[in-house]
Amino acid sequence: MEGIDPNRVDEIIDRYRGERGILIQLLLDIQAEFNWIPREAIMRISERLHIPKSHIYRIATFYKTLSLNPVGRHLIQVCLGTACQVRGGPKIMDRIKESLGINEGETTPDMRFTLRRVNCLGCCAMGPVVVIDGIYHGKVTPSEVKGILECYK
Amino acid sequence: MARIRSKKDLLKLQESILAERRVDKPLITLCSGTACCATGSDAVAEAIKAELKKQNLDVVFRRTGCHGFCERGPILTIYPQGICYLNVKPEDIPEIINRTVKSNEIIDRLLYTDPNTGKRIAKESEIPFYKYQTRLVLGDNVRIDPRNIDDYIAIGGYQALAKALEDMTPEQVLEEVKKANLRGRGGGGFPAGRKWEATRNAPGEPKYVVVNCDEGDPGAYMDRSLMEGNPHRVLEGLIIGAYAIGAHHGFVYVRQEYPLAVKNLTIALDQAREYGFLGEDILGSGFQFDVCIHRGAGAFVSGESSALMTAIEGKVGEPRPKYIHTSESGIWEKPSDLNNVETWANVPLIIQRGADWFRSIGTEHSKGTKIFSLVGAVNNTGLVEVPMGTTLRDIIYKIGGGIRDGKKFKAVQTGGPSGGVIPAQYLDAPVDFDELTMLGSMMGSGGMIVMDEDTCIVDIARYFVDFLCDESCGKCVPCREGLKRMREILDRIVAGRGREGDIELLKEIAQVMKRASLCALGTTAANPTLSTIRYFHDEYEAHIKEMRCPALVCKDLISYYIQPDKCIACLLCLKNCPSGAIEGGKRKIHVIDQTKCIKCGICYEVCPPKARAVVKISGKPVPPPLPESEREITKRKK
C-alpha cells in the first residue's frame with residue numbers, strides 16, 4: 001500500500017477547525033480526496049482531534065459512502081432502487097458480477113473495477129441505470145453489459 | 001449587493017429586476033436536474049451557448065431545475081411562445097435557434113406526440129403529463145435558475161418571509177400553519193404546526209430547526225428535485241418556521257448521493273446571506289437566523305428524526321427510544337424541530353395565500369397537494385404534483401400515460417420500504433394519508449412504483465426485506481433478527497424451497513416487529529411483506545406449493561426454452577450466450593443445454609421479435625431436447 005500525503009489530511013482537518021460534530025463531514029472529505037479512508041488518515045484524525053480510533057472506525061463502518069478499502073480505477077454503481085428492480089436491474093447486476101468475477105462491494109484483483117450497489121440514484125426514467133465513473137448508462141440490457149465494461153480499461 | 005432591510009425594499013428590488021427583464025426578449029430554458037444532466041443536458045447547454053455566441057444573438061438562456069418529465073428529458077422551452085421540445089440533443093440546437101427562435105417556426109419532430117391521437121403538442125402546459133397536475137410547489141422549478149436568487153425574487157420569492165416578519169407575530173405564523181393542517185410530507189403525516197408548537201413551548205435554549213433531505217426511499221426523488229431546482233423556496237419556509245419556533249440556528253441534512261442539491265443549496269445560502277435573508281437582523285426585523293449544511297454519509301436509518309439528529313452531532317446515526325420527543329430533546333439535547341423538504345416548501349405558500357386557501361385543496365384530513373415520483377413500469381416516468389385525494393387511476397393513467405409496452409397493471413407500491421403494494425381493485429381509491437394507510441400501505445415520502453404483470457410480487461417483498469436488512473442499524477433485536485429471519489424465509493420461497501407454514505411464520509414475525517421495534521424502520525418493516533401476502537396470497541402459494549413463479553421472474557423457478565417450431569436458426573442467442581449453453585448452427589434448430597444455462601436471460605432478450613422462439617417456463621418440466629437428427633431446418637412453411 002502506498003503511503004498517503006499527511007499534509008492533505010491535515011488540510012482537511014483544518015477546514016473544520018473549532019466546529020462541533022464534524023467527524024462525518026471530515027471523513028466524507030477524506031473519502032472524496034483519496035477515494036477511500038486510509039488507515040493513516042484515521043490515525044492522524046484521532047491524534048489531532050483526540051477522538052478515539054474505535055469511534056472513528058465505528059463511524060467509518062456504519063456509513064455506506066465511507067470505504068475502508070481502496071477503490072479500483074473505475075467505480076461501477078449499479079442502481080437497484082425499486083424502479084430499476086422492476087425494470088430488470090438485478091439481471092444487470094448478475095451480468096456484471098459474472099463478467100468480472102466479483103461480488104457487490106468487491107474490487108477486481110487488477111484494481112480495474114470496484115462494484116457497488118446503490119439504492120436509487122433518482123434517474124428512474126433511465127432504469128435500469130449503471131453509473132461508471134460518474135457517466136450514466138441508461139436502459140441497459142444484459143447483452144450490452146460486456147460492451148460497456150470494455151470501454152473502461 | 002446591498003442587504004434588504006424591509007418588505008418595501010424587497011418589493012422595490014423585485015420591481016427593478018422585472019424592469020430589467022423585458023418580457024418580449026426571447027428566452028430559452030433548459031432543464032438541468034440530475035436526470036436531465038444524465039441524459040445530456042450539459043452538452044445541450046454548451047451547444048446553446050456556442051450557437052448564441054456564434055450568431056451573436058440577444059437571447060436569454062436559463063438553466064432551470066427539474067421539470068419533472070424525466071422520461072423525455074432534456075426538456076427545452078422557448079419563450080415567449082412557450083414551445084416545448086423534448087429529448088433534445090446538441091445537434092438539434094442550430095436548427096432550434098434558426099427556425100424556432102429566429103423565425104418562429106415549430107419543429108414537429110421535437111414536440112410531444114400524444115400516443116393515443118397522434119396529435120403533436122407544442123405547449124408544455126398542454127401535454128397531458130402536465131395538464132392534469134396542480135403544481136403549486138414544484139411549478140416554479142421551470143421558471144427559475146436555482147443558482148440565481150434574483151430569479152426567485154422576480155417571481156415573488158421571500159415575500160412570504162417579509163410578510164411573516166413584518167406583519168405577523170411568531171404566534172400568528174404558528175397559528176396559520178396549524179390552521180392549514182399541513183401534515184408532514186416525509187412519511188408519517190404528523191401535523192407540522194403541532195410539531196412546531198411543541199418545540200416552541202419546550203424549555204431549553206437554543207432551539208434548532210432541521211430540513212430532512214435524506215430522501216432514502218428507493219424510487220423517490222421529489223425532495224432532491226425541489227432542493228436542486230428551487231432551494232430558496234425551502235429556505236424561505238425554514239426561516240419562517242425558525243421565526244415561529246424561536247430558533248436561531250438551522251441544519252439542512254442532505255444525502256451525499258445528491259451532489260447537485262448540495263451545490264445549489266450552498267450557492268443559495270451564500271446569496272441569501274448577501275441579501276440579508278439570513279444572518280443578523282433579517283429584513284430589518286431584528287430576527288437572527290443562520291443555516292449550515294450537513295451531508296449524510298449514506299445510511300437509510302439516518303432519515304429517522306432522532307437518528308438524523310444524532311448524525312448531525314457527528315455520531316453514528318442510530319435512532320433512540322422516543323419516549324422523550326426530539327421536540328424536547330433533539331440535537332445536543334436541545335428542542336429541535338425536523339420537517340421534510342416538501343413540508344418546508346409548502347410553508348411560504350400558506351403564509352402568502354393563507355390557511356383558508358390551503359385548506360380548500362385536498363381531502364378532509366389531508367390538505368394541499370402532494371408530489372409523487374411516479375416510476376417503474378409506467379410510460380411517463382417523472383414527478384407528479386396533484387391535490388390530495390386524486391385517484392391512483394388518474395395519476396397512473398391520465399398523467400402517467402398507463403403501463404409500458406401495453407402490459408397489464410399489477411400493483412403500485414407506495415411509501416417505500418415502509419409502505420405496501422396496492423392492487424388493481426383499488427385503483428380508484430383517492431390518495432391521501434389515511435386512505436393509503438387503510439389499504440395497508442402508506443403515503444411515505446411520495447414514491448409511487450408501478451408494477452406490471454412481469455413483476456413477481458414475492459420477489460418485491462424479498463427485495464424490500466433485503467434492503468431493510470442491510471439498512472437496519474441492529475440496535476434493537478426485533479428489527480435486526482426479525483428482518484434476517486424474514487429474509488431467510490423469503491429467500492427460500494423464491495428459490496423454490498418454501499415450506500408449508502412459511503406464510504404464517506412471516507405474519508407472526510411481522511407482528512412481533514411491529515409491536516416491539518425501537519423506531520419506525522422496524523415497526524413498518526413488515527408492511528411490504530404483509531401487504532403482498534394480503535393481496536397476492538395465491539402468488540406465495542404458487543411459489544411454495546407448485547414451485548411456480550407466475551410472473552416468470554424468480555431465477556430458480558424458471559427455465560429458458562427454445563421452441564423448436566419457432567426457431568429460425570439466426571445464431572443470435574448462440575453467439576450472445578455467455579455460458580456456451582446453446583447448441584445449434586446454420587439452418588439448425590437451437591437447443592439450450594439446461595445444465596449449462598445460468599439463466600441470464602440474454603437469449604430471451606436477443607431473440608428477434610419475428611421469431612419469439614425463446615420462452616420462459618415455470619412450474620412444469622422443460623420438454624426434452626430435440627434429437628440431433630431432427631434439428632436440421634429443411635423447409636419451413638411460411
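As the structure is a prediction and not an experimental result, all values here were calculated from the model. Keep in mind that the numbers below use all heavy atoms, side chains included, and drop hydrogens, waters and symmetry copies. A note on names: the letters A, B, ... follow the listed sequences, proteins ahead of strands, and every chain is numbered from 1.
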Looking only at heavy atoms and a cut-off of under 4.5 Å, which of R404(B), E215(B), E318(B), M451(B) has the most pairs with chain A?
R404(B)
Can you check whether anything in residues 135-146 of chain A gets within less than 4.5 Å of chain B, heavy-atom wise, and list it by number?
Y136(A), K139(A), T141(A), P142(A), S143(A)
Can you say whether V553(B) sits under 4.5 Å from chain A via the side chain, the backbone, both, or neither, judging by heavy atoms?
neither
Sort out for me which of A35(B), A38(B), C36(B) touches chain A most, counting heavy-atom pairs under 4.5 Å.
A38(B)
For chain A, which candidate among R224(B), R72(B), M222(B) shows the most heavy-atom pairs at distances under 4.5 Å?
R224(B)
Mind checking the OG1-OH spacing from T82(A) to Y463(B)? Nearest 0.5 Å is all I need.
3.5 Å
Heavy atoms of C120(A) and P218(B) approach each other most closely as CB-CA, 3.6 Å
Residue selection (most heavy-atom pairs with chain A, distance under 4.5 Å) from F467(B), W332(B), Y258(B):
W332(B)
More than 12 non-hydrogen atoms from neighbouring residues, nucleotides or ligands closer than 6.0 Å to CD on E333(B), yes or no?
no
Toward chain A, the part of S302(B) with a non-hydrogen atom under 4.5 Å:
side chain
When the 4.5 angstrom heavy-atom criterion is applied to A311(B) and chain A, the contacting part is both
Relative to chain A, which segment of I460(B) carries a heavy atom at a distance below 4.5 Å: side chain, backbone, both, or neither?
side chain
SG-CZ distance between C292(B) and R20(A), expressed to the nearest 0.5 angstrom:
11.5 Å
For R58(A), is it the side chain, the backbone, both, or neither that has a heavy atom closer than 4.5 Å to a heavy atom of chain B?
both
Checking side-chain contact (heavy atoms from CB on, under 4.5 Å) between I24(A) and each of E313(B), H294(B), R295(B), which is the one that passes?
H294(B)
Is chain B contacted by the side chain of L26(A), its backbone, both, or neither, given a heavy-atom distance below 4.5 Å?
neither
Could you have a look at V131(A), D29(A), V118(A), L23(A) and say which one has the most heavy-atom pairs with chain B under 4.5 angstrom?
D29(A)
Decide yes or no on side chain to side chain contact (heavy atoms under 4.5 Å, CB included) for Y221(B) and C123(A), but give the supporting numbers first.
CA-CA 8 Å; Y221(B) 59 100; C123(A) 303; over 6 Å; no
At a 4.5 Å cut-off on heavy atoms, which part of R255(B) comes close to chain A: side chain, backbone, both, or neither?
side chain
Interface moiety of K599(B) toward chain A, non-hydrogen atoms closer than 4.5 Å:
neither
Tell me, side chain or backbone of D94(A) under 4.5 Å from chain B's heavy atoms, or both, or neither?
side chain
Can you find a side-chain donor-acceptor pair between E257(B) and N119(A) that sits under 3.5 Å?
no
Are V86(A) and V375(B) close enough that some pair of their side-chain heavy atoms sits under 4.5 Å apart?
no
Top contributor to chain A interface from S225(B), G219(B), G447(B), G601(B) [non-hydrogen pairs under 4.5 Å]:
G219(B)
Which portion of F464(B) sits near chain A, non-hydrogen atoms under 4.5 angstrom
side chain
Ion pair present between R117(A) and D466(B), side-chain N to carboxylate O less than 4.0 angstrom?
yes
Does any heavy atom of chain A fall under 4.5 Å from the side chain of V316(B), the backbone, both, or neither of them?
both
Rounded to the nearest 0.5 Å, the CD1 atom of I449(B) sits from the SG atom of C124(A) at a distance of 7.5 Å
Give a yes or no on whether the backbone of G376(B) and the side-chain of R87(A) come within a donor-acceptor separation of less than 3.5 Å.
yes
How far does NZ of K64(A) sit from CZ of F300(B), to the nearest 0.5 angstrom?
10.0 Å
For A297(B), is there any backbone N or O sitting under 3.5 Å from a side-chain donor or acceptor partner on T65(A)?
yes
As an exercise: rank Q25(A), R95(A), K91(A) by heavy-atom pairs under 4.5 Å with chain B and give me the winner.
Q25(A)
Crowded around R39(A) CZ? As in, over 12 foreign heavy atoms under 6.0 Å?
no
Value for OG1 (T39(B)) from CE (M126(A)), rounded to nearest 0.5 Å, stands at 6.0 Å
Within 6.0 angstrom of F62(A) CZ, more than 12 heavy atoms from elsewhere:
yes
For the OH atom of Y63(A) and the CD atom of Q256(B), what is their distance to the nearest 0.5 Å?
12.5 Å
Do you know which of A299(B), A377(B), G416(B), C456(B) has the most heavy-atom pairs with chain A at a distance under 4.5 angstrom?
A299(B)
Measuring heavy-atom distances to chain B, does Q31(A) have an atom under 4.5 Å in its side chain, in its backbone, in both, or in neither?
neither
